[in-house]
Amino acid sequence: MFYKEKGFYISLLCGVAALAAFAVICVNLFDGTGGGEGDKPIVAEESPEPVQTAEPKTEEASTNKAKSEVKKKEKTPKPTKKAVKTDTKPAKNNLHFDQETGLLWPVEGDVLMEYSADKVVYFKTLAQYRTNPALIISAKVGEEVKASADGIVKSITTSEETGRTLTMSIGDNFTVSYGQLKGITVQEGEHVSEGQVIGKIADPTKYYSMEGSNLYYQVKENKDSVNPMVLLR
């Protein structure tokens, strides 16, 4: 009985010793403290420092850049065209009135009242004597009135005395006025050729009721009235 118990304890101790030895071997293997080449301690290799790389451009950054470029383009003012100077003068400055050639008669009719700047003449309707700065030429109502020379329509006005009156610049500081008109066919600023119809004879105003229907025809040079009979051909 004694020997049996002694053998049991011996076997138990051997088993414990074997387990202890096995545990030590495992620990040495995992800790790298074993003999030979395997006993050398394992040294961790230094890893190279990470290389910094540029961060990829995000879609948002690209979008913002595109928007800013669009805004720059929108703010950029467009080049303005510079006005080109030309030597072309208005038509009225190119007009030339040849006094030797003279003026075309605007209507065919008798002179009812002559031009008179230095003496007075009698006006039947007004029953008074006064100067006359124009020719009063007899004409039928509705008769066509022609331009006496090339020119530019300067003005179209209405007067109690001369009715609808058209004034033309014909060059060299000369102007011609046609009064007692209706049905005017031209406009202010329009170029008119000699002989062109510019209107028709209207009923006379109250200032010329006794003289009858007529054309009030006045010529001026530098704003001073001149005798149309000297220039009419």
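Values reported hereafter were calculated over all heavy atoms of this structure, with side chains retained and with hydrogens, waters and symmetry mates removed. None of the values given here were measured: they were computed from a predicted structure. We're numbering straight along the sequence, starting at 1.
Using a 4.5 Å cut-off on side-chain heavy atoms (C-beta onward), Tyr208 and Met210 make no contact. The closest side-chain heavy-atom distance from Ser116 to Tyr129 is not below 4.5 Å. Contact annotation: the side chain of Tyr178 approaches that of Ser148 to within less than 4.5 Å [non-hydrogen atoms, C-beta and beyond]. With contacts defined as side-chain heavy-atom distances shorter than 4.5 Å, the pair Ser138/Asn214 does not qualify. Glu108 has its side chain out of reach of Lys140: every pair of non-hydrogen atoms, C-beta onward, lies at least 4.5 Å apart. Under the 4.5 Å side-chain criterion, counting only non-hydrogen atoms from C-beta, Leu181 is in contact with Leu215. Val192 places a side-chain heavy atom less than 4.5 Å from the side chain of Ile198. Side-chain contact check for Met113 versus Leu135: every heavy-atom pair is 4.5 Å or farther apart.
In this structure, Lys154 NZ and Met168 CE are separated by 12.0 Å, a value rounded to the nearest 0.5 Å. In this structure, CZ in Phe174 is found 3.5 Å from CD in Glu221, a value given to the nearest 0.5 Å. Summarising the geometry, atom OG belonging to Ser209 is positioned 11.5 Å from atom CG belonging to Asp203; distances are rounded to the nearest 0.5 Å. Expressed to the nearest 0.5 Å, how far CD of Gln180 lies from CD1 of Ile136 amounts to 7.5 Å. Put simply, CG on Asn94 and CG on Asp150 are 12.5 Å apart, with the number rounded to the nearest 0.5 Å.
Residues Arg233 and Leu104 share a closest heavy-atom pair of NH1-N, 3.6 Å. Nearest heavy-atom pair across Glu160 and Thr205 is O-CB, 3.4 Å. When all heavy atoms of Ile137 and Gly109 are compared, the pair lying nearest together is CG2-O, 3.8 Å. Between Thr185 and Gly199, the shortest heavy-atom distance links the atoms OG1-N, 4.0 Å. In plain terms, the two heavy atoms of Ala134 and Gln218 that are nearest each other are CB-CB, 3.7 Å. Contact detail for Phe97 and Gly171: the closest heavy-atom pair is CB-O, 3.7 Å.
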key: Val176/Thr167 under side-chain contact (heavy atoms from CB on, under 4.5 Å): CA gap, chis, key distance, verdict   = CA-CA 6 Å; Val176 180; Thr167 301; over 6 Å; no
Intermediate values then yes/no, side-chain contact (heavy atoms from CB on, under 4.5 Å), Ile156 and Thr165 = CA-CA 6 Å; Ile156 300 174; Thr165 304; over 6 Å; no
request  = Check the pair Asp172, His96 against side-chain contact (heavy atoms from CB on, under 4.5 Å), reporting the backbone distance first and the verdict last.
outcome  = CA-CA 6 Å; Asp172 299 301; His96 171 63; 2.7 Å; yes
ask   = Going through the distances and angles, do Glu211 and Thr125 end up as a side-chain hydrogen bond (donor to acceptor under 3.5 Å, both in side chains)?
value = CA-CA 7 Å; Glu211 283 80 6; Thr125 303; 2.6 Å; yes
query = Can Leu103 and Tyr217 be said to form a side-chain contact (heavy atoms from CB on, under 4.5 Å), step by step?
reply = CA-CA 12 Å; Leu103 298 169; Tyr217 187 74; 3.5 Å; yes
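Summarising the local packing, NZ of Lys182 is surrounded by more than 12 heavy atoms from other residues, nucleotides or ligands at distances under 6.0 Å. Within a 6.0 Å radius of CD in Glu194, other residues, nucleotides and ligands contribute more than 12 heavy atoms. A 6.0 Å sphere centred on CD of Glu161 holds more than 12 heavy atoms belonging to other residues, nucleotides or ligands. No more than 12 heavy atoms of other residues, nucleotides or ligands lie within 6.0 Å of CD in Gln187, so this atom counts as exposed by the packing criterion. No more than 12 heavy atoms of other residues, nucleotides or ligands shown are found within 6.0 angstrom of CG on Asp110. Other residues, nucleotides and ligands contribute only 12 or fewer heavy atoms inside 6.0 Å of the CD atom of Glu114.
Cluster annotation: Val226 and Val111 are assigned to the same hydrophobic cluster (Ile/Leu/Val/Met/Phe/Trp/Tyr, side-chain heavy-atom contacts under 4.5 Å, transitive). When hydrophobic clusters are built by joining Ile, Leu, Val, Met, Phe, Trp and Tyr residues whose side-chain heavy atoms come closer than 4.5 Å, directly or via intermediates, Tyr115 is not grouped with Leu112. Taking hydrophobic clusters as Ile, Leu, Val, Met, Phe, Trp and Tyr residues chained together by side-chain heavy-atom distances below 4.5 Å, Tyr216 does not share a cluster with Val186. Ile170 and Leu95 are assigned to two separate hydrophobic clusters, defined by single-linkage of ILVMFWY side chains at heavy-atom distances under 4.5 Å. At a threshold of 4.5 Å between side-chain heavy atoms, the hydrophobic network of Ile, Leu, Val, Met, Phe, Trp and Tyr places Met229 and Val219 in one connected group.
In the hydrophobic clustering, Val230 connects to no other residue, as no ILVMFWY side-chain heavy atoms lie under 4.5 Å from its own.
Listed by chain and number, the residues in a side-chain contact (heavy atoms from CB on, under 4.5 Å) with Thr158 are Arg164 (sequence neighbours excluded). Residues that satisfy the side-chain contact (heavy atoms from CB on, under 4.5 Å) test with Thr131, not counting sequence neighbours, are Val120.
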